[in-house]
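Worksheet: the structure to be examined is printed underneath.
Counting starts at 1 for both ligands and their atoms, following the listed order. None of the values given here were measured: they were computed from a predicted structure.
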Amino acid sequence: MSGPVARRRVAVLVSGRGSNLGALLAAARAPDCPAEIVLVLSNNPDAGGLALARAAGVAAEAIDHRPFKGDRAAHETALDARLRAAGTEIVCLAGYMRRLTPFLVNAWAGRMLNIHPSLLPAFPGLDTHARALAAGVCLHGCTVHLVTEGVDEGPILAQAAVPVLPGDTEAALAARVLAQEHLLYPAALRMVAGGTAPPPADPAAALAALLPRP
Ligand code: GRF
């Protein structure tokens with residue numbers, strides 16, 4: 001007879017509304033989910049994600065970056081201490097809007113995931129939906145990747161694609177992508193926490209595979 005599933009302790013970092021956090025919380029309610037959300041942290045005391053976590057009975061704290069007056073290392077040291085005190089094994093960034101320094105990235109190397117609203121390596125950075133529309137791509141989507149020092153450059157764990165439809169607005173495209181984010185992030189976390197994730201893809205190799213051969 002198999003016993004209860006071993007659950008990895010997961011912390012989620014948010015800065016805003018937290019709809020991806022909501023999807024992760026919902027998925028972690030399944031008894032067979034190998035991930036348990038034990039802590040939600042935010043740099044923004046007004047983040048909707050904090051209220052969402054508390055409503056779900058999950059410990060949620062703001063560690064406001066502003067009192068640190070630009071000392072990113074000190075702010076990240078405070079985050080790191082809280083993550084460790086909670087026995088965190090995996091960190092999920094879910095709309096965490098502060099650029100991380102090598103300190104936190106390296107402290108959680110291989111154990112920190114991010115969701116990005118584009119098919120990386122296309123459109124790293126901000127305003128991905130507007131840029132996808134401006135570029136005239138016919139496929140767009142979202143990516144879950146491991147966090148490395150380069151912004152949105154880490155090894156890719158999972159992706160979901162959506163079509164760009166004629167007449168799409170930025171809002172319509174964003175909503176189509178977000179619906180996929182809410183499916184993709186829980187699925188990727190489940191794979192990582194359960195130890196069933198395939199080896200991550202190298203984004204540079206993925207890009208090379210898309211380019212025409214000489
Ligand atoms: C999402 O689009 C995510 O891909 C990006 O930030 C947004 C966060 O949205 N990293 P939410 O706070 O999860 O609703």
Worksheet item: Under 3.5 Å between some N or O of ligand 1 and some N or O of Asn20?
Response: yes
Worksheet item: Ion pair present between Arg9 and Glu89, side-chain N to carboxylate O less than 4.0 angstrom?
Response: no
Practice prompt. Compare Gly18, Gly95, Gly16, Ser15 and give the one whose heavy atom is closest to atom 12 (O) of ligand 1.
Written response: Gly18
Item to complete: Distance to 0.1 Å, residue and atom name: give those for the protein heavy atom nearest to atom 9 (O) of ligand 1.
Response: Arg17 NH2, 3.4 Å
Worksheet item: Are His182 and Ser19 linked by a side-chain donor-acceptor pair shorter than 3.5 Å?
Response: yes
Worksheet item: Is any side-chain N of the basic residue among Glu36 and Arg8 closer than 4.0 Å to the acidic one's carboxylate O?
Response: no
Item to complete: Check the side chains of Thr143 and His145 for a donor-acceptor pair under 3.5 angstrom, ignoring hydrogens and angles.
Response: no
Discussion item. So is Ile115 touching ligand 1 or not, going by heavy atoms under 4.0 Å?
Written reply: yes
Worksheet entry | Salt bridge flag under 4.0 Å for residues Asp32 and Arg190 | yes
Worksheet item: Got the closest protein heavy atom to atom 1 (C) of ligand 1, with its distance?
Response: Glu181 OE1, 3.1 Å
